2 protein chains.
Amino acid sequence: MGDQQPIVDLKSCAECPIRHKAVCARCEPHELADLERMKSYRSYRPGEAIVWAGDDMEFVASVVTGVATLSQTMEDGRTQMVGLLLPSDFIGRPGREKAKYDVTAVSDVTLCCFRKRPFEGLIASTPAVSQRLLEMALDELDAAREWMLLLGRKTAREKIASLIAIIARRSEAVKSPEARDTALEVDLPLTRETMADYLGLTLETVSRQISGLKRDGVIQLNGKRHVIIPDLDALLAETGDDSDGGFLS
Amino acid sequence: MGDQQPIVDLKSCAECPIRHKAVCARCEPHELADLERMKSYRSYRPGEAIVWAGDDMEFVASVVTGVATLSQTMEDGRTQMVGLLLPSDFIGRPGREKAKYDVTAVSDVTLCCFRKRPFEGLIASTPAVSQRLLEMALDELDAAREWMLLLGRKTAREKIASLIAIIARRSEAVKSPEARDTALEVDLPLTRETMADYLGLTLETVSRQISGLKRDGVIQLNGKRHVIIPDLDALLAETGDDSDGGFLS
DNA sequence: CTCCACCCTTGATCAGGATCAAGGTTTGTT
DNA sequence: AACAAACCTTGATCCTGATCAAGGGTGGAG
């Protein structure tokens, strides 16, 4: 593991179908063929339910385009987002019969689906796949733990700043690293309500805190969703995180 | 995966060293020998630090006895627990150089340690190991997501009830299932402060809510740490969780 | 073009949990 | 036995974020 090249990169599904082959140079041909045969694509409209908690899980999938959420709802309607699914993220747990969480499309979403049974067979027969899935699961676990710190201990303002920073980081991964001094621009893919579900707040508090960050010049707004970050460090200072955050692997 | 027998059961390390052999009937002898050679045991006293965030990780380990915590601390001292480690739980991320979280012994703790490099080699060479680790990581991810719902949306009282229920469930796993109607007894392995770190509360609020549950007859206390649950359903009703919780795999 | 649905903002008030403070209990040490 | 240190409980007060309420965009459907 570590920096060793993954042989089958499930994340590459984001650029299906070509990428599988590109990364699978070291795969056995029959494994590749299996993967290709299993694949199918599905599309969802904004707000559409992809899976309801309790549904039978026929598929596992990889997000190709768009944004989806994983969430849990209590009987009285309180809901908490427990996963934000961006392109290349994986949906579904191999070995699980019934979905445990609601999966909802936030924007237009395309999934690359694999039928569950044969995919489980692939995991069992192809060590590289389970190794890759393990790495992805551990990354998600780290993200979940950072999220737990946010939910349990951060103030509303810190939560909002953290969310903007997280989205900036994930969309910034594409851009060149030297673009650090020019102002960053980020489109929030979420409504105020969805952000509230993410952060364990109400939508009113989200709105107020965004207004507050704007008033204090930490961010600028262009429309409701387009955020301009004039000084990334100023934003990061609002998150409550270690200033040298992210160095520890 | 699913209900398929794991070949190497890392969890079995809790009953080291015999259990490895019992479960490893299908292992290649040299793999078994590798596991045995790598093992060493370490002990820690209550309150002792096992790892500090930022430390070099020389080892991965499995908890054999005792209770430890994974936690994150912000610069100003706010801390959030992000993992509760009971016997059979795994410590350390293969492939990671520096620890990302503080690991602290809560009670007397014994770890079964494996040197990191050779263990990573074992993962790469033994598919059953990465498959088992994947399953364990996915279990932890589910636990983390339930925890996120707790942190983000539950009231203080619900949080306390949930914590007691979680501890009851984990210690009850051992007992016979027909013991459901007799009163359950649980020893809280945590101080009020540690519980507060778990739940995203202050220790005063933890104390008050425990008193509240006691006043309302949901629990009885015998000393500070020994909890008697006269009616498990009454406790579960306080958690805010779905009444039929736990059915969904 | 108009209307409606959805999304967002802001204000006023409320309440749950944090904070500050004091004292009690248990455990282990000399 | 006396004491100290840790741990726990309870009270008083404060403050952050929830709740209740009203109104302002904005974009798509007819």
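Sequence lines set the chain letters: A, B, ... in the order given, protein chains first and strands last, and positions in each chain run from 1. Predicted model only: the values in this text are computed from it and were never measured.
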- Message: Can you give me the closest heavy-atom contact between P230(A) and I228(A), atom names plus distance?
- Response: CD-O, 3.3 Å

- Query: Side chain of R208(B), backbone of L203(B): donor and acceptor closer than 3.5 Å?
  - Reply: no

- Task: Quick one: closest heavy-atom pair of I50(A) and A68(A), and the distance?
- Result: CD1-CB, 4.1 Å

- Within the distance-only criterion (no hydrogens, no angle test), does the side chain of R157(A) pair as donor or acceptor with the backbone N or O of Q209(A) below 3.5 angstrom? no

- To the nearest Å, how far apart are R153(B) CZ and dG17(D) C1'? 11 Å

- Query: Could you give the CG-to-P distance, from L190(B) to dC8(D), as a whole number of Å?
  - Reply: 10 Å

- Message: Measure CD/E193(B) against P/dA6(D) and give the value in whole Å, please.
- Response: 12 Å

- Within a radius of less than 6.0 Å around CD of E48(B), do more than 12 heavy atoms belonging to other residues, nucleotides or ligands occur? yes

- Output all residues satisfying side-chain hydrogen bond (donor to acceptor under 3.5 Å, both in side chains) with R192(A), sequence neighbours left out; order by chain, then residue number. none

- Should the heavy atoms of other residues, nucleotides or ligands under 6.0 Å from CZ of R115(A) be counted, would the total exceed 12? no

- Does E204(B) CD have over 12 foreign heavy atoms under 6.0 Å away? yes

- Any side-chain heavy-atom pair of I210(B) and I219(B) under 4.5 Å: yes

- Message: Using the ring pair (Phe, Tyr, Trp, His ring centres under 6.0 Å) criterion, which residues pair with Y101(B)? Sequence neighbours excluded.
- Response: none

- Note on the structure: To the nearest angstrom, the CD-C1' distance between Q209(A) and dA18(D) comes to 13 Å

- Under 4.0 Å: is that the gap between some side-chain N or O of T205(A) and OP1 or OP2 of dA18(D)? yes

- Item | Along DNA chain C, first and last positions that approach a heavy atom of chain B under 4.0 Å | dG17(C) to dC20(C)

- Message: For a quick check of understanding: with a heavy-atom distance under 4.0 Å over all strands, which category does I210(A) fall into, base, sugar-phosphate or nothing?
- Response: nothing

- Item | Carboxylate-amine/guanidinium proximity below 4.0 Å for D55(A) and K98(A) | no

Polar atom pairs between nucleotides 13-16 of chain D and protein, under 3.5 Å, N or O only, would you list them?
none

- Message: I need the residues from residues 216-227 of chain B with at least one non-hydrogen atom less than 4.0 Å from DNA chain D; give them sorted by number, or say none.
- Response: K224(B), R225(B)

- Per the end-axis method with five pairs at each terminus, what is the bend angle of the helix from dC1(C)-dG30(D) to dT30(C)-dA1(D), to 10°? 30°

- Name the nucleic acid region contacted by G200(B), choosing base, sugar-phosphate or nothing; use a 4.0 angstrom heavy-atom cut-off, strictly under. sugar-phosphate

- Do the side chains of L221(A) and V227(A) get nearer than 4.5 Å, heavy atoms only? yes

- Item | Whole-Å gap separating C1' (dT19(D)) and CG (D76(A)) | 15 Å

- Message: Nearest to the side chain of T202(A), heavy atoms from C-beta on, is which of dG17(D), dT19(D), dC8(D)?
- Response: dT19(D)

- Task: Remember a base hit wins even if backbone is also touched, and classify S207(B) as base, sugar-phosphate or nothing at under 4.0 Å, heavy atoms.
- Result: base

- Query: Quick check: does any side chain N or O of D231(A) sit under 3.5 Å from a backbone N or O of D233(A), one acting as donor and the other as acceptor?
  - Reply: yes

- Query: Taking the nucleotide of DNA chain D with the closest heavy atom to each, which residue, K154(A) or E204(A), is nearer the 5' end?
  - Reply: K154(A)

- Test item: Q220(A) side-chain N/O and K214(A) main-chain N/O as donor-acceptor pair under 3.5 Å: no

